Structure formats: C-alpha cells, structure tokens
Protein chains: 2
Amino acid sequence: MSSLPISARSIPFPTSTRKGSVGTVPISPWDSLYFAGCPDLIGTPFSYAREEEIYGEAEEAEFVYKLLDGAVRTHKILSDGRRQITGFHLPGELLGFEQQDRHRHAAEALTDTRMLIFRRRQIERMAACNATVACQLWSLTARRLRDAQDHMLLLGRGSAMERLVAFLIDLDLRLGATGTFVLPMSRRDIADYLGLTIETVSRLMTQLEVDGALLRCSGRQLSLHRTHLDRLIAF
Amino acid sequence: MSSLPISARSIPFPTSTRKGSVGTVPISPWDSLYFAGCPDLIGTPFSYAREEEIYGEAEEAEFVYKLLDGAVRTHKILSDGRRQITGFHLPGELLGFEQQDRHRHAAEALTDTRMLIFRRRQIERMAACNATVACQLWSLTARRLRDAQDHMLLLGRGSAMERLVAFLIDLDLRLGATGTFVLPMSRRDIADYLGLTIETVSRLMTQLEVDGALLRCSGRQLSLHRTHLDRLIAF
DNA sequence: CGGCGGCCTTGATTTAAGTCAAATCCAATA
DNA sequence: TATTGGATTTGACTTAAATCAAGGCCGCCG
C-alpha cells in the first residue's frame, strides 16, 4: 500500500529505476508548487519521456500529477484491443485523481512532459480535515464530469465531422486560442478519442483543408479558421 | 437568486402552482431525510408526475433532489433536436447536483416519482465549513464521473448490440439484480441514451429474444438471461 | 365494446463510416 | 545524405446502422 517509493514499478520518484527523471522546473503563475492552493502540500518535480507510461489501469493510485508542460492521454482498453481515450491533459491540468484506491484508466505521456507529483493519501488526509481543500477537489472533479458529459453528447449524437471539428476547436481553446498549434497526439489517438478510425480522421482533415477551414503545414501543425469551423457544428 | 419559493417557475415546493405535489413518504433504510448523513440538512418530500419537467437546461440550480421512488432521465438537447440522455436515475440516487449556478442538463420524471428536495446553497454552505460533508459530495461526483467515463467507452467503441446489452445488465443491477424488471423508459429514451435509433433498439431487442438471451412479456417487462447476455459483451 | 393515438416492430433501401490495401510522407538515424 | 520504418493519406469496396415507410399492438376513454 503505502510502501516506499522504491518498490512498486509505477513509482515516478527520483529514486525510481524508471525512465522518468527529475528536471529543473521554472515556475510560472499557474504552476505553483502547491496543490489546490494549500501550502502544506508541496509537489516533487518529475518528468516523463514521450510514450512513457505514467500509470496503468487498475494500478494502485498512489500519486496525483500536476502537468507543467507537455501533454498526456488517459485511456481504457477492452480485452479485444479496442481503446477509448477518455481525455487529453494539457499544462496546468491535474491527472490521476481517483477517489478509489485504484486507477480507472491508464495514463501515458504524449510528448516529453514535466509534472509535479503529490501523494494521494496526503491530499486526501488534507481534504478530510480541511473543507476548503475538499471543496476545491470536488470542484475539479465536477469540472471533469461536465467535460465527460459534453463528450458523451458528441460521441452519442455527433457525426464524424462534428466530432473532429469540436475536438479541434476545444484543443485550440485549451492551448491558448491562438488558432495555430501543433497537435501533440497522433491520428490514432484522435480517432480513439472521437470513436472513429484513423482513415476517417485523415479524410476529414483533408476535406477541412480543401474547404478552407484549416491550413496544414506538416501533418500536425495546424491553423484553424474559427469562423468557418464554427459553422460546421451545433455543439 | 435565493428568492422565495413562490416566484420561480421551476420551484417544486408545496406552495408552488406546478403539477408536483407533496405526498406522505414512508422512510426505508436508504432514504433517510438527511443529506450526506448530515442531520442539519432535512429534505422536503415532494413528487412529480410522469413526463413532468423537474428542471430545465441552463436553469438556475436552486435545488438538489434525492430520489425516493420512480425514475428520472437527464438530457442535453442540440438546436436541431438531437438529444443525448446523460443518465437515468433510480431510487436512492441523487440528482441536480451542480457546482455551478446553472444546470448543465434538463431533468424529467420517467414515471410518477417521489423525492426529497434540498436547497443547494444550504448544502454548499455546509460543505464549505464541514470537510466530511465536502468529501462526501466529492465522492458522489467522482462516482458519476466514473460512470460517465464507462459510458464514453461504450458510446465510442461499442457496437449497437454491445451498447444495448451493457445497458440492460446495468439497469438490472441497479434495480436489484433479480433479472426481471419493467423498463421505466421508452425505446426513444433508450436510443437517445445509447446513441442509436429506436428502430435499431427494437430490432436488437427482438434479436435478443429470438436468441434466447431474454424474455419479453409485454414490451417493457423483461427477464434477462445473464449468462447468455454476458457472453455478448467485452465491457 | 370499439375506435383512437402513441408506442413498438418489421421490412426495404440508403448512407456514413469502417475495412482492406497501397502509396507517400517524413523524421530519426546510420 | 541515404535508409528505413512508422505515420499519414488515398482509393476501392463493404457493412452496420440510419432512414424511410408501413403495419401491428396495446392501453385508454368515450
């Protein structure tokens, strides 16, 4: 359970034998070392390489992660290999927060990433006696629930094009709403997030470019035409 | 905002002019008048008729509801009429819990229902200064998030048959796992929950019966063959 | 009891997206 | 710079589920 960091294969502490490693972390406004504004909780900087697993499904939820930079995907897999990506996580966002002892999904780094890690037990202990912290945690979970419900609507009732467009717009917003960004994930990841195939995603991408709704430099580097894209969805 | 119950169209209090009405409520183990085990929060019994709206999307989230009996659906609607049912709620479950001032979806009674209603502000006030209550609320939201993520997997990667079978099994479990129950919702509701059409749901239902995976007495009265059904899904 | 109207089922046909199969692009590295 | 292997695109074809269109069932009320 709360064994020392050395033992479990999943543990991303400096003492671990895993690929991840500590790096220097420049602190910008949003990436305070504190968790939920609580000065008693100080995170430990840590980093993961591209495609490295952060934690596995059903693995013990020992840590909570606050993403400093890079990008992470979380997913669930069925026995026959079908995969559903449940979310992408960008800098400033929280990761690995479970209320139970085991993770409900796996998490992997999409790109090289840096994070702060916190012990879940410690945070829970803090929440148990500090209503402000507990409310903030509740808030975070509520936010995720809302996102999940929006995504349900998209998956259940959106056409392939609507799913892709909504995804691109959402990603742009979360990356700063500049209209220009580099996709941190592969077509496969996008397809598995949207419940589509890579071929469909690829075809739609091409069609959007042909229609002038976006510009592609090299595969993953995009410039969106918001006004044009907005017209394509009802979401 | 926190005006008296009389004013707003949405208010389901005894003094309201709406269809809903107070009834006597027999208290069984799970339906304590308390909220989150907190004796300071006493709910007011109230009831809704079949198909009656409990609250609308984007309406102010003034109340929280604890279902005593009956069944409720929550949904989101797009401008063009497409609807996604985000969840069905059965006795003992909580409803209308938002962290924001407005509801994210609409709620309607599937059958005649009885509930307890609580003022959201009061509960929030309680949570703000009582860590135990806050943690319980967090727990509830986390549970819903997990359900939502499971449903995402189903919507994103499940075939029509897998969606229906998973739905039937889940419903049976939540209704007491007897294997025999009456569907409280129409085919349209099921279809809108599973991201399918009513015709597809109907055809699959027939096929399940032909295959001996379930028995139908009259449309909505079902008996499931769990072992047979379990073989049809990977979820 | 009979008819009305909303569900539900069934059948025929269409279509959006999936599958299978090849090219191409492109980035890492030798 | 040349090589190589994964990622992406594109094309041809298939299919699961949607759509369109009748019918049948059933509960309710006159």
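Bear in mind the structure is a predicted one, so any value in this text is a computation, not a measurement. Computed over heavy atoms, backbone and side chain alike; hydrogens, waters and symmetry mates excluded. First the proteins, then the strands, lettered A, B, ... as listed; each starts at 1.
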Look only at the side chain of Arg157(A) and the backbone of Leu78(B), and say whether a donor-acceptor pair between them is shorter than 3.5 Å.
no

Divergence of helical axes at both termini of the helix from dC8(C)-dG23(D) to dA30(C)-dT1(D) - five pairs an end, 10° steps
40°

When only distance counts, do a donor and an acceptor, one from the side chain of Glu199(B) and one from the base of dC8(C), lie under 3.5 Å apart?
no

Centroid-to-centroid, Tyr193(A) to His151(A), below 6.0 Å?
yes

Protein-nucleotide distance (Gln221(A), atom CD; dA7(D), atom P), rounded to Å:
20 Å

Distance-only donor-acceptor test, Arg203(B) side-chain atoms vs dG11(C) base atoms, 3.5 Å:
yes

What's the CD1-P distance between Ile198(B) and dT9(C), to the nearest Å?
10 Å

Going by heavy atoms in the side chains, are Met115(A) and Lys66(A) under 4.5 Å from each other?
no

Of all the nucleotides listed (dT10(D), dA18(D), dT9(C)), which has the minimum atom distance to the side chain of Leu196(B)?
dA18(D)

Cys217(A) vs Gly195(A), nearer the 5' end of DNA chain C by closest nucleotide:
Gly195(A)

Using OP1 and OP2 only, check whether a side-chain N or O of Ser202(A) sits under 4.0 Å from dT10(D).
no

Expressed as a whole number of angstroms, how long is the span from Asp112(A):CG to dA28(C):C1'?
14 Å

Leu222(A) CG to dT8(D) C1', in whole Å, measures 13 Å

Would you indicate whether Arg146(A), at its atom CZ, is surrounded by more than 12 heavy atoms from other residues, nucleotides or ligands within a distance under 6.0 Å?
yes

Rounded to whole angstrom units, what separation is found between the CD1 atom of Ile190(A) and the C1' atom of dA7(D)?
12 Å

Taking dT8(D), dT19(C), dA18(D) as options, the one with an atom nearest any side-chain atom of Arg220(A) is dT8(D)

N/O (side chain, Thr200(B)) to phosphate O (OP1/OP2, dA17(D)) under 4.0 Å
no

So if I take every side-chain heavy atom of Thr197(A) and compare against dG18(C), dT8(D), dT10(C), which nucleotide ends up nearest?
dG18(C)

At under 4.0 Å between heavy atoms, what does Ser218(B) touch on the DNA or RNA strands: base, sugar-phosphate, or nothing?
nothing

Across all chains, not counting sequence neighbours, the side-chain contact (heavy atoms from CB on, under 4.5 Å) partners of Arg144(A) are His89(A), Leu145(B), Gln149(B)

Could you tell me how far apart Arg216(A) (CZ) and dA7(D) (P) are, to the nearest whole angstrom?
17 Å

Whole-Å gap separating P (dG11(D)) and CG (Leu204(A)):
15 Å

Examine Tyr55(A) together with Phe63(A) and report whether their ring centres are nearer than 6.0 Å.
no

Whether the side chain of Arg188(B) and the base of dG6(C) hold a donor-acceptor pair under 3.5 Å is what I'd like checked.
no

Expressed as a whole number of angstroms, how long is the span from Leu164(B):CG to dA16(D):C1'?
15 Å

Leu168(A) side chain reached by Leu164(A) side chain, heavy atoms, under 4.5 Å
yes

Is there a donor-acceptor pair closer than 3.5 Å between any side-chain N or O of Arg83(B) and the backbone N or O of Ile77(B)?
no

Do the side-chain N or O atoms of Ser159(B) get closer than 4.0 angstrom to the phosphate oxygens (OP1, OP2) of dA16(D)?
no

